[in-house]
Amino acid sequence: MSLKFKYIFYIIVLHAVLITLVYFLLREDLWYFLGAEVLVFVSLYFSYLIYKSFIRPIDMLHSGINAIADKDFSVKYLATGSTEVDHLVEVYNNMIDTLREERTMVSEQSHFIQKLIDVTPIGIIIMDYDGLISDINLSAKKHLDIAINVNPAGKKISDYPSDITEVLQNTEVGKPKIVTINAMDKYKVQVNEVIHQGFKRKFILIDDLSSELLKTEKEAYGTIIRMMAHEVNNSMGAINSILDTVVEFGFEGQ
């Protein structure tokens, strides 16, 4: 039973009793009876004003709560002229503005982070509360041999067997390790946990070290080749100098 119904029911019963009492007590005196009836109707009028003063803010709160429950942060109210109601309207409008700004900010941050996850060369797999795949970027799909157009959300990692799947399943939380696959490819694998909405969620990082190692080896070989070339050039310079001296003395002897 709502507060509005209780109030209206109380006012109707109260004034019905008053009208009945006035009728039986003052019906013999017409002027007293009419005066009492006027007072009863004045009381009804003021009861209506009080009803508007109390019930209107409650109706506003109710509609505002419904809007928030529907995640509609566009509903705002205008000032009514009543001090109490206007204060309530001001507080509600400020709250709606804050919620809308925070929702926009969170949405923008979420979109920005999602873009970063998608373009990063490190494979990222985000799990849900049940240990199933919630989100995965293109790099991780490549490592797990998942087609680009396939959405693995709600699946287990074991549903996509690959050379690195067993490594991911055997990696302990918080203990990154470097593994070699196919005797050539090196990966750094990390499994970590975060607390999200009071529950633990895992996320997996797969860093392909092969390209970095190849780049480092290439730079190392380049350094060695330059050093060897420098030494050869130095040796050739000395040999050329000796040959020039021999040739010069040879011609003088003739």
Co-membership, hydrophobic cluster, residues [X] and [Y], 4.5 Å side-chain:
{"X": "M127", "Y": "V150", "result": "yes"}
{"X": "V194", "Y": "I122", "result": "yes"}
{"X": "V173", "Y": "I125", "result": "yes"}
{"X": "L39", "Y": "Y45", "result": "no"}

Could you check T171 against V179 for side-chain contact (heavy atoms from CB on, under 4.5 Å), going step by step and ending with a plain yes or no? CA-CA 10 Å; T171 302; V179 296; over 6 Å; no

Just to verify, what does [X] make a side-chain contact (heavy atoms from CB on, under 4.5 Å) with, not counting sequence neighbours?
{"X": "S158", "result": "K156, Q169"}
{"X": "N192", "result": "Q190, F203"}
{"X": "N137", "result": "I117, D118, T120, I124, S139, A140"}
{"X": "T98", "result": "E102"}

Does E193 CD have over 12 foreign heavy atoms under 6.0 Å away?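 Counting other residues, nucleotides and ligands, CD of E193 exceeds 12 neighbours.
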
Filter on ring-ring contact (aromatic ring centres under 6.0 Å, His included), then keep only pairs touching residues 138-174, sequence neighbours left out; what's left? H143-Y187

What residues join [X] in its hydrophobic cluster, counting side-chain heavy atom gaps under 4.5 Å, either direct or through other members?
{"X": "F112", "answer": "L116"}
{"X": "F199", "answer": "Y129"}
{"X": "L138", "answer": "I148"}

Residue list, ring-ring contact (aromatic ring centres under 6.0 Å, His included) with Y92, at least two apart or on another chain: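 Y77.
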
Would you say that E101 contacts M105 through its side chain, given a criterion of any heavy-atom pair below 4.5 Å between the two side chains?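 Sidechains of M105 and E101: no contact.
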
I need the I146 CD1 to D159 CG distance, nearest 0.5 Å.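 Here the interatomic distance stands at 9.5 Å.
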
Main-chain N/O of S162 paired with T165 side-chain donor or acceptor, under 3.5 Å: yes

Using only atom types and a distance under 3.5 Å, with no angle test, would you say the side chain of S47 pairs donor to acceptor with the backbone of S43?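 Yes; judged by distance alone, with no hydrogens or angles, the pair exists.
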
List the residues meeting salt bridge (Lys or Arg N to Asp or Glu O under 4.0 Å) with D97, not counting sequence neighbours, and say none if there are none.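 Checked D97 against salt bridge (Lys or Arg N to Asp or Glu O under 4.0 Å); matches are K76, R100.
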
Among pairs that include at least one residue of residues 123-152, which meet salt bridge (Lys or Arg N to Asp or Glu O under 4.0 Å), considering only residues two or more places apart or in two chains?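 Every pair satisfying salt bridge (Lys or Arg N to Asp or Glu O under 4.0 Å) with a residue in residues 123-152: there are none.
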
Would you list the pairs meeting salt bridge (Lys or Arg N to Asp or Glu O under 4.0 Å) in which at least one residue belongs to residues 169-181, sequence neighbours left out? E172-K175

What residue among L132, I136, I164, L168 forms side chain to side chain contact (heavy atoms under 4.5 Å, CB included) with I157? L168

